[in-house]
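Scroll down for the structure; my scribbles are underneath it.
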Amino acid sequence: MAETYDFATIERTWQERWERDGIYRALDTDPRPKYYVLEMLPYPSGDLHVGHAKNYTIGDAVARSMRMLGYNVLHPMGWDAFGLPAENAAIQRGIDPASWTRSNIANMQRQIRLMGTSYDWTREIATCEPEYYRWNQWIFLRLYEKGLAYKREAPVNWCPHDQTVLANEQVIDGRCWRCNNAVERRNLSQWFLKITAYGDRLLSDLDGLDGWPERTQLMQRNWIGRSEGTQFAFAVDGADAKIDVFTTRVDTVYGVTFLAIAPEHPVVATLKGIISAKQSAAIDAFAESLRSKSELERTSLLEKDGFFTGAYAVNPLSHERVPIWVTNYVLAEYGTGAVMGVPAHDERDFDFAKKHALPIAQVIAAPGTEVDAPLEAAFVEDGRLIASGDYSGMSSERARGAIAERLSAMGIGGKTVNFRFRDWLVSRQRYWGTPIPIVYCDACGEVPVPDAQLPILLPADVPITGEGSPLARDAAFINTTCPTCGGAARRESDTMDTFFESSWYYLRYLDPKNDALPWSPERAKRWMNVDQYIGGAEHAVLHLLYSRFFYKFFRDMGWVEGRDEPFERLFHQGMVLYNGEKMSKSRGNVVGIDETAQKNGVDAMRLFLLYVTPPEDTSDWTDEGISGRVRFLNRVWRACEPHLEKAKRISPRELPPTESSDEKALVRAVHVVAKSAIDEVASRRFHFNTTIAKLDELVNAMTGAAQKSPDSPAYLYAVHALPLLLAPYAPHIADELWSRLGHATSVHLERVIEPDDAALAVDEITLVVQVNGKIRARIAAQPGIAEAAAFALAEGDANVQAQLAGKEIRKRIYVPDKLVNIVVG
RNA sequence: GGGGAAGUGGCGGAACGGCAGACGCAGCCGCCUCAAAAGCGGCCGAGGCAACUCGUGUGGGUUCGAGUCCCACCUUCCCUACCA
């Protein structure tokens with residue numbers, strides 16, 4: 001009787017052996033072609049569930065498959081260890097963020113090992129360790145030197161709950177991405193990274209990212225939001241001031257009937273000098289009514305509103321005087337914060353003009369129409385210019401060029417490009433992050449910390465209350481001496497956005513112990529780019545955009561070579577539900593790794609996660625579903641275990657002799673799996689669900705054969721081949737069987753079974769016979785049957801003859817080894 | 001308002017433009033058993049006694065042939081939302 005499959009012991013044993021033997025180490029000197037597969041760096045939140053397991057299982061199946069295909073696979077793991085939850089634990093439970101984080105890392109590392117993943121742990125990193133964040137500071141200083149890191153006052157997103165500023169990318173529907181509270185606008189002096197300087201490259205290089213999901217490329221495109229237009233100045237009547245506007249429709253410039261500016265626009269201060277005190281006060285009140293509102297409330301005010309300043313601007317081309325309005329629909333941070341109001345040709349301006357009874361001047365006519373009646377709605381299409389001075393009669397397209405040239409000649413503007421995205425706000429008023437390496441000196445001003453003084457260590461034992469910036473209150477940290485003059489100085493108390501760390505960690509894995517540089521260029525040349533990146537679609541903009549920006553900067557600095565995109569191919573895994581519901585602690589429906597490993601075994605868990613849906617789809621964890629995979633592994637065990645001794649004599653590398661069609665089918669089933677496994681990684685489709693379905697078919701065939709001819713070479717061949725086929729998906733049982741088959745080294749160091757055409761060939765095909773596209777017969781035939789013979793066979797069939805009777809054959813379609821279609825009239 | 005993706009049995013899903021529903025889950029029947037569990041074998045889209053007919057959200061189109069390609073619509077999900 002077959003010994004039962006003791007997954008608990010087997011899984012533990014093999015995990016220990018893999019660790020001991022270091023079989024997943026990626027050596028820098030290995031001559032084989034490299035393959036860098038990476039899963040997004042996890043945040044060490046504490047406990048893993050099967051949703052996390054899906055991500056790592058996909059990556060691990062890819063890593064193991066590529067290893068068995070002969071690649072030198074780099075598959076590292078580490079921890080995105082700075083961030084708010086650690087501080088929240090400190091606030092709520094008085095735990096030191098560092099110890100909280102490190103104990104979470106220890107637990108998650110144990111759980112990730114428990115999943116049987118093939119990581120090279122010698123390259124592990126944690127971003128909260130000084131050996132890592134020192135290089136954050138170093139990279140920040142290089143950005144600073146290039147003018148790509150700068151501090152300025154700007155209206156920024158402020159989360160009142162987390163007591164910190166947020167990047168635009170971290171504001172989701174007007175709410176904080178972390179705590180979901182409504183975000184406010186505040187004018188604060190903050191550190192920014194000049195990501196907009198890379199706008200054009202970030203946009204155009206998306207074209208080359210063929211291995212990225214279309215959707216993600218599109219989201220980045222939309223987020224970057226490049227638009228070409230014209231920027232030019234309106235003079236303020238009666239004051240020495242001008243107001244720059246940006247427009248994509250400079251062809252409508254003769255239709256300007258007002259100027260709309262954001263309440264925060266700096267020109268407001270100047271205007272106050274030429275308008276009455278009463279109006280000034282009213283503008284302030286209006287601006288204040290907006291400022292006190294959260295971003296969420298403000299953007300949900302669909303009604304356009306505004307306030308006439310009492311001042312006028314002069315249209316540089318028509319010389320008309322137009323009123324200047326402060327409005328709620330012009331964004332201070334986009335373009336110039338001022339818009340030329342053309343109600344006839346812009347929907348928003350039209351709404352605004354209607355509400356405030358401003359004139360509507362039509363200057364574009366639809367081709368072939370005359371203008372008579374007043375517009376019912378804004379006409380936003382291109383057309384022919386009317387009432388536009390010298391430009392009347394021109395097409396919109398031509399006029400845009402001509403007018404831009406004119407403005408340029410006048411020295412007041414010209415063509416320009418605007419991006420929708422803004423510079424990346426990277427400073428945070430929080431404790432648990434990388435200190436920004438800047439010192440403020442009364443004599444020397446803003447002074448970058450010299451490299452030799454890095455790292456600026458994050459002090460321990462800082463009280464964390466949730467009120468204000470903890471570092472700002474820590475005198476021992478703040479007070480320092482100026483690196484330039486040696487006088488008393490203060491340190492920057494802000495820390496970096498944690499996305500800073502995660503924008504370059506994939507390079508640190510290449511050279512994790514380097515204490516002279518964040519990584520050596522030779523290592524980068526050896527391993528970059530990341531061949532396959534795997535992670536959630538929620539990072540489609542944030543992390544992936546920042547990483548692309550950093551990598552382009554690194555490329556410009558000469559620290560990396562080749563293509564200036566870090567991630568060659570990208571795969572987003574789908575999430576995991578439990579019985580159709582999202583897993584969450586509050587619902588109490590989280591399926592944990594530890595309990596699953598104990599109850600079902602991790603091989604079963606891995607198989608289920610890969611099998612239940614294609615990996616990019618949402619999958620539903622069910623107790624019945626996982627039982628199915630447990631059953632499968634038991635079937636594998638029963639099919640192999642009693643026959644291992646005999647199977648030792650049969651090489652899995654040589655096709656066995658076959659005596660019956662069943663035996664031939666069994667050998668074929670082996671090669672069907674082998675082919676599917678290779679196809680799924682070669683195509684980067686990673687639909688291992690189809691490969692595992694074919695494994696099921698193989699094991700079903702073996703179960704049948706075990707009853708009839710368990711001693712046949714074909715059967716024993718299947719027994720010996722099965723561990724090689726299972727290895728990427730169920731690595732423990734695979735190695736156990738492999739070792740019991742008499743092998744001294746791990747199955748994971750073996751090559752795949754190359755699919756063999758002879759083994760894949762079938763003895764007989766089913767020829768499908770269609771008449772006018774409808775199936776009328778299925779006839780068994782020889783593979784490779786000649787066209788004429790196929791039709792002879794088809795037309796000899798009684799059923800087919802009945803369909804053909806009395807009709808003329810018009811056309812014969814032949815699909816070799818598959819189908820004939822006889823078209824009759 | 002704008003953009004994108006997807007609709008296949010009771011369920012998850014298979015299917016280079018060529019036999020729709022592989023494989024699994026659930027269910028049903030049988031064998032084994034004193035019995036149950038496990039295991040093993042079989043059935044499992046709809047209608048029809050049958051030959052056969054119908055069937056991949058709806059309606060068109062391309063094609064010898066469409067779940068697959070094109071157009072329109074419906075539904076669902078996702079992203080984005082005054083970006084001048």
Side-chain angles (χ1 to χ4, degrees), chain A residues 2 4 172-174 213-219 221-223 225-227 229-231 245-250 252 260 298-304 327-331 333-342 345-349 351-352 418-422 537-538 540-541 580 607-608 611-614 616-620 622-629 631-632 634-635 638 679 687 689-700 703-704 706-707 765-775 777-778 799 802 810-824:
Chain A
T4 50
I172 317 291
D173 291 336
E214 213 46 63
R215 222 173 70 87
T216 305
Q217 289 184 38
L218 190 75
M219 279 170 68
R221 251 182 212 110
N222 291 342
W223 185 263
R226 183 181 197 273
S227 74
T230 305
Q231 186 172 317
V245 297
F246 172 77
T247 179
T248 55
R249 289 298 305 274
V250 77
T252 65
R298 190 166 154 181
T299 53
S300 63
L301 294 173
L302 293 172
E303 185 79 8
K304 288 175 184 48
T327 69
N328 66 350
Y329 77 97
V330 174
L331 305 172
E333 287 288 288
Y334 181 77
T336 61
V339 169
M340 61 179 210
V342 186
H345 305 293
D346 182 278
E347 281 172 27
R348 292 154 304 190
D349 297 344
D351 291 348
F352 189 78
N418 245 298
F419 291 101
R420 206 184 71 103
F421 77 151
R422 321 286 157 78
E538 68 275 16
V541 178
L607 282 172
F608 178 72
Y611 179 65
V612 64
T613 38
E616 67 272 27
D617 290 356
T618 298
S619 35
D620 193 14
T622 61
D623 297 335
E624 294 83 6
I626 181 70
S627 303
R629 291 301 89 191
R631 271 201 288 277
F632 167 76
N634 284 327
R635 282 161 69 80
R638 280 195 302 273
D679 287 349
H687 283 196
N689 54 321
T690 61
T691 308
I692 295 171
K694 290 173 172 85
L695 268 166
D696 273 57
E697 292 185 72
L698 168 62
V699 174
N700 289 344
T703 300
Q707 291 164 10
I765 55 146
T766 303
L767 190 67
V768 174
V769 183
Q770 297 183 336
V771 177
N772 285 351
K774 285 204 182 286
I775 295 162
R778 293 186 177 92
N799 213 4
R810 297 231 168 122
K811 200 168 179 180
R812 289 184 171 88
I813 309 288
Y814 178 59
V815 183
D817 279 357
K818 282 226 171 83
L819 167 143
V820 298
N821 187 10
I822 302 163
V823 186
V824 296

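To find a chain, count down the sequence lines: A is the first, B the second, and so on, and within it residues start at 1. Small disclaimer: the values here were computed from a predicted structure and weren't measured. No hydrogens, no waters, no symmetry mates; every other heavy atom, side chains included, goes into these values.
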Per-nt protein contacts along nucleotides 42-49 of chain B (heavy atom under 4.0 Å; B base, S backbone sugar-phosphate only, - none) come out as --------

Contact letters for nucleotides 7-12 of chain B, in which S counts primed atoms plus P, OP1 and OP2 and B counts the base, heavy atoms under 4.0 Å | -----S

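A/Q707 comes within 4.0 angstrom of sugar-phosphate atoms only, judged by non-hydrogen atoms across all strands, and of no base. At the heavy-atom level, A/R422 lies under 4.0 Å from base atoms of the strands shown. Counting any heavy atom pair closer than 4.0 Å across all strands shown, A/N700 reaches sugar-phosphate atoms only and no base atom. Residue contacts for A/N689: at a heavy-atom cut-off of 4.0 Å it reaches the sugar-phosphate backbone alone, with no base atom in range. A/N799 comes within 4.0 angstrom of sugar-phosphate atoms only, judged by non-hydrogen atoms across all strands, and of no base. Nucleic acid contact class of A/G335 (heavy atoms, under 4.0 Å, all strands): none. Counting non-hydrogen atoms under 4.0 angstrom, A/R810 reaches nothing in the nucleic acid.
Applying the side chain to side chain donor-acceptor pair (under 3.5 Å) rule to A/E616 yields the partners A/H687; only residues at least two apart in sequence or on another chain are considered. Residues that satisfy the side chain to side chain contact (heavy atoms under 4.5 Å, CB included) test with A/N222, not counting sequence neighbours, are A/L218. Remark: A/D346 engages A/R348 in a side chain to side chain donor-acceptor pair (under 3.5 Å) (not counting sequence neighbours). Under the salt bridge (charged side-chain N to carboxylate O under 4.0 Å, His left out) criterion, A/R812 pairs with A/E795, not counting sequence neighbours. Every residue two or more places apart in sequence or in another chain that forms a salt bridge (charged side-chain N to carboxylate O under 4.0 Å, His left out) with A/R221 is listed here: A/D207. Contacts of A/D623 classified as salt bridge (charged side-chain N to carboxylate O under 4.0 Å, His left out), with partners at least two apart in sequence or in another chain: none. Residues passing the side chain to side chain contact (heavy atoms under 4.5 Å, CB included) test with A/P213, sequence neighbours excluded: A/T216, A/L570, A/H572.
When rounded to the nearest whole Å, the span between CG of A/D617 and C1' of B/A14 equals 13 Å.
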Please produce a list of atom pairs where a protein N or O lies less than 3.5 Å from an N or O of nucleotides 15-20 of chain B.
from	atom 1	to	atom 2	distance (Å)
B/A15	OP1	A/R685	NH2	3.4
B/G18	N2	A/Q770	OE1	3.1
B/C19	O2	A/R778	NE	2.9

Interface polar pairs with nucleotides 37-39 of chain B, N/O, under 3.5 angstrom:
from	atom 1	to	atom 2	distance (Å)
B/G39	O3'	A/R638	NH2	3.2

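Base orientation of B/G9: syn (glycosidic angle within 90° of 0).
Among the nucleotides B/C79, B/A84, B/C64, the one closest to any side-chain atom of A/M219 is B/C79.
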With Watson-Crick and G-U wobble geometry limited to distances under 3.5 Å, how should the secondary structure of RNA chain B be encoded in dot-bracket form, using | for bases paired to another strand and [ ] for crossing pairs?
-> (((((((..(((.....[....))).(((((.......))))).(((....)))..(((((..]....))))))))))))....

